[in-house]
Amino acid sequence: MADGQGILVIGELAGSELALVTREALSAARSLSGALGGEPVSLVIAGADLGDAPQQGISAGADTVYTVVSPVLEGTPPDAVVAVAERAAQVASPRYVIGSKTLLGRDVLPRVAFRLGTALAQDCATLEVDSQQRLVATRPVYGGSAIAKVACLQTPAVAALRPKSVEPLEPDASRIGEIKTLDIQLDDSVVKARVVDRTERPSEGIRLEDAKVVVSGGRGLGGPEGFEPLKDLASLIGGAVGASRAVCDAGWLPSSYQVGLTGKTVTPDLYIAVGISGASQHMAGCSSARAIVAINKDAGANIFKEARFGVVGDWQKVLPAFIDQLHELLQ
Amino acid sequence: MPLRIVVTAKQVIDPETPASAFRIDPQALQVLPPASVPPVVNGFDEQAIEAALQIKDAAPDTNVTVLSIGASFAMDVMKKPLAMGADELVLVQDDALVNSPDPSVAVHVLAAAIRKLGDVDLVLCGRQASDWDNAQVPLGLAEKLGLAVTTIAKRVAVENGIARIERVLPDGSETVEITLPALVTVSNELGQARYPTLRGIMAAGRKAPTIWSVADVGLDMSSLTPGLELVGLALPESGAACEFIEGEDDADAGRKLALKLREAKLV
């Protein structure tokens, strides 16, 4: 596949809709296509039921959509999605393959890259084309302490786009594209890692990933009881509660609350960090917030480097007065 | 047949290194190891070792071999897995094994070393290394070795040739079963790895690691195809300067912060 052309996006579904991350990846692919003189953008989507997602893919920027519908894809087992993505890359013979760094993408994209004879540009914040038409990505490394720029040396290049780093295109229903069934035989034997049980623990109230306001607590809160005022604050201003990894590792809150490199990435308008020192691996999950507000007793804490407003003080004294004052203002 | 487990482990710069001691050389495209902070075994890899030792606790004849690759090693650091209870330590040491954000070479070398080790039932890896945060050597390794794979385990058990893995999901968990041989990556939700005991440290002191070169595992570096090239390295730009809100006391600062956020239309 040395002479690839065009960009293939590995799509994901959210229910029976095209996932937002895939609309973002299509938007990135269209920009890259522009830089390559208008090479075509294709999309592959696979599932037990695709609903209207293929058409949504065209509206969001795809010229060709390859579809796979199979009961084997129920619950999107990574083993099956890897097989689909590999097949789509053989058929489309692209220059670049772009996916999203999601729960599924983290399992699928490295395997796809290695099957295609290369390695993955992981967790990319930006993607661009260099003068030799190589795909070049910037990505956080060392827990966000440094930013690396990597160039993909093989064709196809494979990259995982960090969610929420690119604005999706406005859906355009007048865009014209082609929907094709991908020629692949899937049966249950492809799935080697079998899910035998799944426990969903839906978050209470607003989802962290969608929240406009996030109130997060760290080790500085001293224990699980420290989160009670944070929950009050979150419900007062319509936000969600988050936590640092130390808090989840200590068992104060379930891991679903964890914000950071290995937890959730949040992009609220306002991120209030209480008793969080701001280790780079935590900041990797919240640095895209429009404004960070920090309350911490240590004036040298890293969190203040990225905060817009800060209070150096004892959260047990700062927070109740802060909440009371907000209460008054919001009445 | 007793179970044979290989755990991959990487020596990394301590991720707790204070930001003030974190230095890069943007010309040489290198992160400079801080002089005052010793390296550590990657934290997720320690948890993978813990997962292996938990399996060994249940089936004591299990062999746990820890495998690492690199240009050089701090031997007291890399012997920690032995002190924790691992049976063997294998180091593939070669000047050519520079620490790079391209996982291609690591995948080839680790795969060749695991093949040389022979019949392996289970490969356990940390979910990612805290230096390049690539989270792809384990998955590449599974592809290269043709192993079934699952990721981000918080519990791994083996019974009758089947691995049963509890995985962390963003909003819950799931249980996955894989017929061995398989590769599983382990996440921090597994919990704190055990501390070496005094007896373990003494025993580790008497064990010599097996040291192989790249040629010993049957590879020629010049034949390995790179996938990625590092072309830039920089420190992140720090955001806008923080405006510190002060008051007569902490409570007053809290009230003023609320007024400030209202004024800035953030609430």
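Being a predicted model, the structure only gives us computed values, none of them experimental.
Per-residue counts of heavy-atom pairs under 4.5 Å with chain A were compared for B:Leu228, B:Leu259, B:Val149; the largest is that of B:Leu228. Chosen from B:Arg127, B:Lys154, B:Glu189, the residue pairing most often with chain A at heavy-atom distances under 4.5 Å is B:Arg127. When each of A:Leu330, A:Asp314, A:Thr118 is scored by its heavy-atom pairs under 4.5 Å with chain B, the top score falls to A:Asp314. Between chain A and the options B:Ala253, B:Pro15, B:Ser173, heavy-atom pairs under 4.5 Å are most frequent for B:Ser173. Most heavy-atom pairs under 4.5 Å with chain B: of the set A:Ala279, A:Ala193, A:Ala160, this distinction falls to A:Ala193. Among B:Leu139, B:Val267, B:Ile178, the residue with the largest count of heavy-atom pairs under 4.5 Å with chain A is B:Leu139.
Under a 4.0 Å N-O distance rule, the pair B:Glu243/A:Arg308 does not qualify as a salt bridge. A salt bridge does not link B:Arg164 with B:Glu159: every distance from a Lys NZ or Arg NE/NH1/NH2 to an Asp or Glu carboxylate oxygen is 4.0 Å or more. The residues B:Glu166 and B:Arg155 are annotated as salt-bridged, a charged nitrogen and a carboxylate oxygen being separated by less than 4.0 angstrom. Salt bridge annotation for B:Glu229-A:Arg134: present, with a cationic side-chain nitrogen under 4.0 angstrom from a carboxylate oxygen.
When heavy atoms are compared at a cutoff of 4.5 Å, A:Gln281 does not approach chain B at all. If you measure heavy-atom distances from B:Thr179 to chain A, the contacts under 4.5 Å come from both the backbone and the side chain. Proximity to chain A (any heavy atom under 4.5 Å) is shown, for B:Asp131, by both the backbone and the side chain. Heavy-atom distances place the side chain of A:Phe114, and not its backbone, under 4.5 Å from chain B. Looking at A:Arg194, the atoms closer than 4.5 Å to chain B (heavy atoms on both sides) sit in the backbone and in the side chain alike. Residue contact with chain A, scored on non-hydrogen atoms closer than 4.5 Å, involves the side chain of B:Gln128 exclusively.
Legend: residues meeting ring-ring contact (aromatic ring centres under 6.0 Å, His included) with A:Tyr142, ordered by chain and number and at least two apart, are B:Phe22, B:Trp132. Considering only residues two or more places apart in sequence or on other chains, A:Tyr257 meets the ring-ring contact (aromatic ring centres under 6.0 Å, His included) condition with none of them.
Taking the ring centroids of A:Phe304 and B:Phe244, they lie under the 6.0 Å cut-off.
Distance NE2/B:His108 to NZ/B:Lys144: 3.5 Å, rounded to 0.5 Å.
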